[in-house]
Structure formats: structure tokens, C-alpha cells
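Structure record follows, encoded as C-alpha cells.
Labels below follow one simple rule: chain letters A, B, ... track the order of the sequence lines, proteins then strands, and each chain is numbered from 1. Note that the coordinates shown come from a computational prediction; the quantities given were computed from them, not determined experimentally.
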Amino acid sequence: MTRKRPAGPGGGEAPGTAVDGPEAGGAPVRDGGEAAAPAQPPCRDPVAEVVVDIAAQDVDRVFHFLVPPELAGRLQVGHRVTVPFGPRRVEGTVVGFAPVPEVPPERLRPILALRDPIPVLTPALIDLARWMEERYLCLFVQALRAMLPPGARGDRVSPAPRRWVRLAVDPAEARARARELAGRAPRQAAVLERLARSGAAGGLPQAFLLQQAAAGPEVVKALERKGWVVVEERLPVLDEPAAAAEPAGPPPPLTPEQAAVWRKLEPALRAAGSGDDPGAGGTAPGRPQEGDQGSPASTRAGEPAGAPPPRCGAGVPAPAGGGAAPQAFLVHGVTGSGKTEIYLRAIAAVLARGQGAICLVPEIALTPQTVARFRARFGNRVAVLHSAMTPAQRLATWRAIRTGTKPVVVGARSAIFAPVPRLGLIVVDEEHETSYKQEETPRYHAREVALARARLEGAVVILGSATPSVETYHRALAGELGLLELSRRVGERPLPAVELVDMREEFEAGHRSIFSRRLLELMRQRLEAGQQVLLFLNRRGYHTVLLCRECGFVLRCPHCDVSLTFHQLASGRLVCRCHYCEHRQVPPATCPRCGGVALHPFGLGTQKVEEAARQLFPGARIQRMDADVTARRGAHEAIYRQFAAGRIDILIGTQMIAKGWDVPGVTLVGVVSADTALHMPDFRRQERTFQLLEQVAGRAGRGSDPGQVVIQTYSPDHPCLQAVADHDYRALFDLESAARRELGFPPFGHLIRAVVAGAERPPVERAAARLAAAWRAALAEAGVEGGSVTPAAPAPIERLRGRWRWHVLARAADGPALREATRAALASLRPHWPRDVLVQVDVDPYSML
DNA sequence: AGCACGCCGACT
DNA sequence: GTCGGCGTGCTC
Ligand SMILES: [Zn+2]
Ligand SMILES: [Zn+2]
């Protein structure tokens with residue numbers, strides 16, 4: 001009954017196979033390592049709990065491995081290791097220890113090697129991965145992977161695949177054998193032929209080779225048996241750490257309003273991570289995982305407080321605050337009110353207490369200017385995590401963070417996982433930005449992860465925005481976040497006047513130009529006065545909508561209330577369909593609201609606007625700035641420089657001109673059309689329109705001139721645009737809140753979207769229908785309040801990367817219950833689920849494409 | 001007989 | 001995510 005597998009024979013342990021041994025990279029790293037992971041005592045438990053780096057449902061759990069003698073007392077939670085797994089070796093992460101194995105001792109196999117001398121993840125991050133698993137319905141290992149530095153990751157991301165195949169005979173002989181085999185073993189022949197053709201003495205990666213020869217692994221096995229090829233394993237290596245630091249810089253004085261905000265923030269910062277919060281109660285740190293198996297005696301990261309005497313390798317040192325109420329704040333500050341100075345002070349305060357901080361900024365705002373601001377204050381204690389860095393740079397930076405050398409981290413979304421040792425503060429600037437949502441698995445939102453991580457580590461969170469997301473402001477009103485208002489701009493500069501131009505009147509008057517008469521007139525004035533004009537255009541949506549030119553009407557889905565998009569089918573038929581559900585209808589010939597006949601597709605590109613502008617202002621220097629133009633490296637900066645130097649009269653652009661921090665102000669901003677934003681097929685459309693337009697409006701104003709904003713629209717009476725005209729965030733919030741409450745959208749309900757994808761359409765369609773049925777049944781079974789599931793429907797992007805895609809949306813009032821029912825539905829489907837059809841689950845979806 | 005392929009379960 | 005084992009059905 002024992003299937004013992006002696007490691008040696010047949011298995012071909014090639015000499016080049018050696019992985020980093022325990023000795024690898026000894027001395028220099030250890031000092032830093034100790035400083036970095038202060039709370040981890042050496043561990044003497046004989047069994048390590050390891051999660052292997054394989055993203056598959058049935059191995060997504062802890063496996064026990066023997067701690068080999070050379071690692072005893074050195075191995076820590078968070079270490080990356082190589083372990084034997086079935087017939088091969090895989091990478092994995094140590095997530096805990098146990099005094100006794102969960103399997104009979106003879107089945108225990110030893111850890112083969114340490115991959116990196118420093119524990120790559122902190123115990124707190126491993127707790128966070130558990131939280132993500134529950135919150136985003138992803139695999140535990142997917143959450144862990146999202147946290148790993150590039151290069152430490154195994155599998156496909158690593159520089160070299162594991163298995164390589166090379167010829168054991170010379171290419172000429174291989175070709176001869178291939179010819180012999182061509183008749184009865186065509187696959188083997190193809191493999192030999194491909195190897196002979198490659199000419200590389202080292203051979204080819206097995207995965208690549210098999211794909212090229214369209215063969216399965218048994219083909220290589222057969223050739224190996226015949227002694228014509230050799231199979232061997234090769235592993236990538238990690239490199240070494242970075243240097244030390246020194247501080248810099250003085251702080252400017254605060255305005256009275258900033259000072260008031262600071263007075264509320266400062267006590268919380270003083271309590272951060274100390275566990276002496278007045279509210280410290282008995283709440284366990286991470287919400288205990290449902291279905292969390294493993295021997296009760298085992299120790300893992302994030303052992304709930306109150307468990308038996310902490311064993312070695314246990315989680316965060318008494319997860320700070322002992323589970324105190326989250327110390328989280330929303331700084332709602334209008335543009336130019338000095339939020340950044342508040343962040344900088346807060347960071348300085350935690351640094352002074354020997355703690356670290358993470359500051360998230362949207363990718364688009366991670367400019368040299370932004371970085372300079374942090375460096376001016378904190379010198380080389382600042383680490384910047386940037387997507388444009390090479391893997392080697394990223395890894396070096398990451399090490400400096402992990403060892404505590406650089407306690408201030410500035411970066412975009414994924415910087416939320418920076419392994420800062422004693423985390424005291426997380427700042428999420430522009431918290432409403434949708435770029436904080438990751439659009440691939442694990443589909444997390446960095447703001448939500450920030451709040452969870454801060455809770456686990458006892459850190460303070462500061463969310464900042466001039467136009468907070470409805471979700472966040474709702475929490476602030478509910479008292480979950482401390483609401484701190486900065487309503488005055490530094491220097492008391494007034495906000496620009498906003499004027500709405502009714503494009504229906506233009507239509508009626510027979511003016512079919514992109515520019516209204518009013519906008520043209522103002523442009524002319526400003527240009528004559530030698531001033532600059534900014535024209536803003538919403539990025540063209542993925543699809544267009546039908547818009548009535550006479551009254552501004554747009555078709556909406558009767559179930560979901562989002563705009564229907566307009567399509568011409570291959571057959572020539574026209575349809576309008578919902579991005580959320582299965583609803584579709586024939587476009588009406590006349591407008592259902594006004595009866596007019598001007599119901600046409602609506603959409604505008606930057607090129608069109610540029611053409612029109614050139615025609616109307618032949619003498620003006622006009623520059624377009626959109627994704628096409630800025631694709632060239634440096635184009636972005638070059639255009640800004642030209643604009644700042646006054647060498648451009650009219651700048652035409654999309655989102656990016658609104659979001660850069662460093663664009664010089666102009667006296668006239670023209671929004672060519674607010675309607676693309678206003679009619680996005682998205683339940684957040686009003687919030688997003690407001691945010692976008694407020695941000696664009698923020699570009700207006702130069703010197704003492706507050707500037708002027710003109711917004712063209714077919715819906716000038718729309719309350720969302722009225723709110724923009726009044727710069728009234730609260731009005732927008734009330735409006736959007738009411739709409740979402742009505743329909744059970746966040747924050748008044750929760751959404752989960754599932755995409756079913758596969759190479760063939762019929763099985764995908766069938767699987768999606770099964771999913772919808774099982775999901776509906778699970779919600780009913782659990783009696784989830786307000787639970788509903790749409791019928792399966794083709795996703796708005798029905799074909800993507802060679803796959804057919806269908807989707808299903810579920811909605812319910814209670815988030816945890818909805819997730820639980822979703823888990824149950826997915827589990828119930830597992831038995832006969834086709835292997836080549838995959839399900840992508842998106843909790844709190846932003847994009848429905 | 002030998003080979004290829006698809007389907008399943010196991011991996012500590 | 002891969003591997004081996006097994007059953008099926010094909011070709012020389
Ligand atoms: Zn719908
Ligand atoms: Zn109409």
C-alpha cells in the first residue's frame with residue numbers, strides 16, 4: 001500500500017539542477033533580515049505548513065512538509081521554499097508550523113531548499129492573503145502571488161521553465177530516427193525534428209517543445225526511454241539586496257483648516273500599531289476563515305488572539321491594537337486645499353515612531369513631480385514602486401523595503417502589498433480612482449485591501465479625495481471612517497465658473513458643428529487675448545449609445561437602469577443590448593420621450609475634434625493628446641513642456657489631461673461633450689462623470705483669473721451636471737446614493753460577476769446557464785435577502801483572446817452571504833464541470849466588459 | 001503490439 | 001498545474 005518513491009533512479013537529477021541551498025546568500029542579508037522581521041522567533045516545530053505555487057482548486061490548501069535539519073530553527077513564516085510534490089518539485093510559501101503532521105509520518109517529505117534567505121512575505125501579509133481569499137473568492141495562492149516581488153515567482157514568470165529536453169544523440173542521427181518514426185510515431189518524430197532544428201545544445205524548454213510539436217508529455221517520456229533525449233530541470237536564481245539611508249527636509253506651516261484636521265489625525269497616529277488603543281477589545285484579528293482546516297494545534301500566521309500560548313513562527317505580534325476599531329479617515333478636500341501636506345505630516349509622524357508608511361497614488365499620478373515631493377521631505381528613505389521599472393530594479397527596491405531600509409513606499413495599486421516591516425500608516429490618495437481596482441485575478445480593490453491590511457496590522461488609513469467614491473463617503477457618514485473636511489483652497493482661490501451649453505438648441509438652430517456657438521465665441525476671445533484653451537473629451541466608450549438630438553434621451557435597460565449600447569449585427573440587423581443582463585431590443589424608430597426622429601448613435605473621437613478645430617482656427621497651434629499620441633515614450637512630457645512654454649494654443653485631450661498633477665492652468669476649459677460620460681453603461685456613471693468633470697474643471701484658473709469652464713451636453717438639466725456647475729459634491733452624493741439604493745447597487749447592495757470562458761461557444765453557453773441556475777438555487781437555499789441572479793448572457797466583449805465569453809451577475813443586500821452562496825454554487829458545480837471551461841469571479845466588479 | 005488521446009485523481 | 005494511470009480506438 002505504500003507507494004514510496006526513492007528519489008533517485010530514472011528521475012534524472014541533472015547536475016545543473018541544484019537550487020539555492022540553505023547556505024545561499026548568507027551573511028549580508030541576515031542582518032537586514034533580522035531587523036526586518038523583528039517578531040519572529042526561531043522555530044523548532046518539526047513540520048512546516050506550505051502552500052504550493054500551483055493555481056488549482058484542489059491543491060489550494062496547506063500541505064505539511066518536514067523541516068530538514070539544516071533549516072531547523074532558521075525557517076520562518078513567509079519563507080519561499082522548494083518542495084517535492086508528486087513526481088516533481090514546486091515552489092511554495094511557508095505559512096505556518098505544526099508540532100505534529102496531519103498525515104502519517106511516512107508520507108511526510110522534507111523541504112528541499114530555501115529559495116531566498118529572507119522570508120519574502122511578512123506574517124501579516126499572509127493573513128492578508130487569507131482575507132483576500134474570503135473577500136474576493138480567489139485562491140489563497142493567487143492572493144499570495146499578487147504579493148510576491150517579480151522574479152521570486154515561480155512558474156511562468158520566472159526566467160526559465162523548469163523542465164528542459166535536449167538530444168542525447170547528434171542532430172543528424174536524430175533526423176534519421178525521426179524519418180524512421182514518421183509512420184507509426186509521428187509525434188515523437190516531430191519532437192526529434194524540432195530539437196534537431198533548434199540546434200541549441202542545451203535543448204528546449206519542455207512546455208515550449210511540446211507546444212511546438214503539438215505533442216503531450218508521454219511523447220517525451222517515450223523518447224527518453226529510448227535514450228534519444230535527456231530531460232533535466234533548471235531553476236532560476238534570485239539576486240542580492242541594497243544599501244542604507246539618511247533623512248532630509250523641513251515642513252511648511254499649516255493653514256487653520258489643515259491644523260484642525262491634523263489635530264484629529266494626530267492622536268490616532270500616535271496610537272498606531274501600539275495596541276494601546278482605548279477601544280481595544282476581544283475581536284480576533286483576521287475574520288476566521290470558514291472551512292479553515294488543519295490541525296487545531298497548528299500555528300499559522302494570524303492565529304486568533306486567545307489561542308493557546310503562542311507557538312514559534314506565529315503571526316503578527318499580537319496583531320496590533322488587539323483588534324481595535326479601525327483607525328481610518330477620509331480627508332475630503334477640494335482641489336488645492338493641501339491634502340498632500342497632511343499626508344506628508346502623517347508619514348513623518350509614524351516615521352518618528354519607528355514605523356513605516358505606504359502611500360498609494362493612481363498610476364497616472366506617479367510622475368517624477370510626485371516622487372520629488374516625497375523625496376524632498378524624506379530623502380532616500382523613500383522607495384518608489386513603478387510599473388516601468390525593470391524586474392531587477394523592482395526586486396532591489398523590494399528588498400530595501402523588506403529589510404526596513406526604506407520605510408516610506410510610494411506606488412500605484414500593487415504597492416499596497418509592499419512588505420513594510422512595522423506598518424503604521426497607509427495613505428490612499430485619490431481613493432475614488434478606478435485604477436485601484438485590479439482587472440485580473442485576484443480582482444482586488446487596493447482601497448479595500450488597504451483598510452483590511454491596516455486592521456490586521458493596527459495601522460492608520462487615510463483616504464483622500466476631492467470627489468470621494470459614493471462607497472467611501474457613505475462609510476464616512478455611517479461613522480466607519482472619520483470624516484475630515486478641507487473645504488478651502490490654499491490662498492482662497494475661487495473655483496472656476498461652470499457654464500452648461502444646451503446642444504439641443506444648437507441642433508434645433510441647425511448648427512451641426514462639434515462646437516456650440518457659445519464655446520466658439522469664448523475660444524475666439526481667449527485665443528485673441530493670447531491665452532490657451534484646453535478641450536476635453538471623454539475617452540470613447542467601448543460601444544456607442546443611441547442619443548436623441550432633440551431631447552437628449554438615451555435608452556436604458558428596464559432591469560438594470562444602465563444605458564443600452566447600440567450594435568449592428570453581421571446580418572445587418574440593429575440591436576440595443578444591456579451590458580449587465582440578457583436584455584436586448586430593437587432600436588425604436590422614433591424617440592420614446594419626444595417622438596422625434598433624431599435618435600442616432602453618439603460618439604466622438606479626438607481626431608474629429610482636432611479636424612474641426614483646425615478648420616475653425618486655421619492660425620492656431622493645435623495639439624492632440626490621447627493614448628495614440630502618448631504611446632511614444634516621452635511624448636507626454638514633451639507636450640506638457642510645449643504647453644507650459646506657450647507653444648500650443650489649443651490642447652485637445654482625454655482623461656490624461658485631466659489627471660496629471662502638473663499641467664499648468666488655463667483660462668478656458670471646454671468639455672466637448674459630457675454625454676459620453678453621462679451615458680456610460682455603468683451604475684457608477686454619475687459619480688464618474690462628476691469626478692471627471694470636477695477634475696477637468698480643476699485645470700481652469702491661472703494667476704488671478706479663476707478661469708472658465710464650458711460643458712456641452714444634450715442633457716443640461718441633468719442633476720449630475722447641475723452638481724458639477726455648483727461644485728456641489730454633496731448634491732452628487734445624494735443623487736447617486738438615491739439611485740443606487742433604489743436598485744440595490746453598492747454601497748446598498750453587493751454585486752458579483754462571473755465570466756464563463758472557453759474555446760468553443762456551445763459548452764460555454766451551456767456552462768453559463770448551469771452556473772446561473774446553480775447560483776440562483778444557492779441564493780434561494782440560503783435565503784439571502786434581496787438575492788437575484790441574471791440569466792446567462794453573452795458578455796459585452798463576447799470574444800476575447802480566442803475565447804467565447806458569457807457572463808452572469810448576482811446581486812444581494814448582504815455581501816458575506818452573497819459570497820458564501822457563490823462559494824456554495826461553485827462547489828456544487830465542480831463535479832461535472834468541463835475542464836476547458838473556466839469561471840472568472842469578480843467581486844465588486846467595476847468593468848463589465 | 002505499439003501508439004495517441006481523452007478523462008480522472010493525486011499531490012504532504 | 002502537471003503528471004501518471006487507465007480505457008479506447010487506431011495503424012502497421
Ligand atoms: Zn439589464
Ligand atoms: Zn427625444
Side-chain angles (χ1 to χ4, degrees), chain A residues 1-5 7 10-12 45-68 75 81-112 138-142 144-145 153-158 161-165 177-178 180-192 205-211 213-226 231 233 293-295 298 300 441 759-760 763 830-838:
Chain A
M1 67 179 191
T2 37
R3 277 167 304 165
K4 277 241 199 91
R5 197 188 316 270
D45 271 340
V47 178
E49 297 180 324
V50 173
V51 171
V52 294
D53 245 8
I54 297 172
Q57 192 66 236
D58 54 337
V59 290
D60 193 51
R61 58 188 175 88
V62 154
F63 285 86
H64 279 185
F65 289 88
L66 206 59
V67 178
L75 196 64
V81 291
T82 304
V83 293
F85 203 61
R88 59 194 182 287
R89 349 167 112 193
V90 297
E91 287 171 39
T93 307
V94 176
V95 298
F97 293 94
V100 277
E102 62 179 1
V103 291
E106 66 274 13
R107 283 184 57 196
L108 262 197
R109 299 167 73 188
I111 289 173
L112 295 173
C138 64
L139 299 179
F140 184 42
V141 71
Q142 288 170 330
L144 288 174
R145 274 186 191 179
R153 237 163 284 185
D155 283 349
R156 328 212 147 249
V157 193
S158 67
R162 274 194 311 280
R163 266 190 188 199
W164 288 64
V165 182
R177 301 286 184 209
E180 290 167 24
L181 285 170
R184 28 192 229 129
R187 299 284 133 223
Q188 293 183 28
V191 167
L192 282 179
Q206 173 167 300
F208 172 76
L209 177 64
L210 293 182
Q211 179 227 321
E218 74 286 347
V219 174
V220 168
K221 268 269 134 71
L223 289 172
E224 194 185 14
R225 270 199 306 276
K226 290 172 182 164
V231 178
E233 300 188 18
Q293 276 126 2
S295 50
S298 76
R300 48 189 67 206
T441 311
E760 309 283 341
R830 217 151 286 145
H832 300 105
W833 193 260
R835 265 191 179 198
D836 47 1
V837 172
L838 55 108

Phosphate OP1/OP2 of dA4(B): any Q188(A) side-chain N/O under 4.0 Å: yes
Interatomic distance where CZ belongs to R88(A) and P belongs to dC11(B) [whole Å]: 12 Å
Most 5' of F85(A) and A222(A) on DNA chain B, judged by nearest nucleotide: A222(A)
d(NZ, K221(A); P, dT2(C)) in whole Å: 14 Å
Among dT12(B), dG1(C), dA4(B), the one nearest A56(A) by side-chain distance: dG1(C)
Separation of atom CG in D45(A) from atom P in dT12(B), rounded to whole Å: 21 Å
Separation of atom CZ in R225(A) from atom C1' in dG2(B), rounded to whole Å: 10 Å
Under-4.0 Å side-chain N/O to phosphate OP1/OP2 contact, K226(A) with dC3(B): yes
CD (E180(A)) with more than 12 external heavy atoms under 6.0 Å: yes
Minimum-distance nucleotide (side-chain atoms of P87(A) versus dT12(B), dC3(B), dC3(C)): dC3(C)
N/O (side chain, R61(A)) to phosphate O (OP1/OP2, dC11(B)) under 4.0 Å: no
R109(A) CZ - dT12(B) P separation (whole Å): 5 Å
Nearest-angstrom distance from the residue atom CD of E760(A) to P of dG6(B): 12 Å
Residue whose closest nucleotide on DNA chain C lies nearer the 5' end, D58(A) versus E218(A): D58(A)
Partner of V52(A) under side-chain contact (heavy atoms from CB on, under 4.5 Å), chosen from V81(A), V90(A), V62(A), T93(A): V90(A)
Face-to-face stacking of F63(A) with dT12(B), centres under 5.5 angstrom, angle under 30°: no
Closest-nucleotide ordering on DNA chain B, the 5'-leading residue of R835(A) and A215(A): A215(A)
Cation-pi geometry met for R61(A) and F63(A) (6.0 Å, 45°): yes
Intermediate values then yes/no, side chain to side chain contact (heavy atoms under 4.5 Å, CB included), V83(A) and R109(A): CA-CA 8 Å; V83(A) 293; R109(A) 299 167 73 188; over 6 Å; no
Spacing between W833(A) atom CH2 and dC8(B) atom P, to the nearest angstrom: 15 Å
Pair E218(A) + K221(A), salt bridge at N-O below 4.0 Å: no
Whole angstrom value for the distance that separates P of dT12(B) from CD1 of I54(A): 10 Å
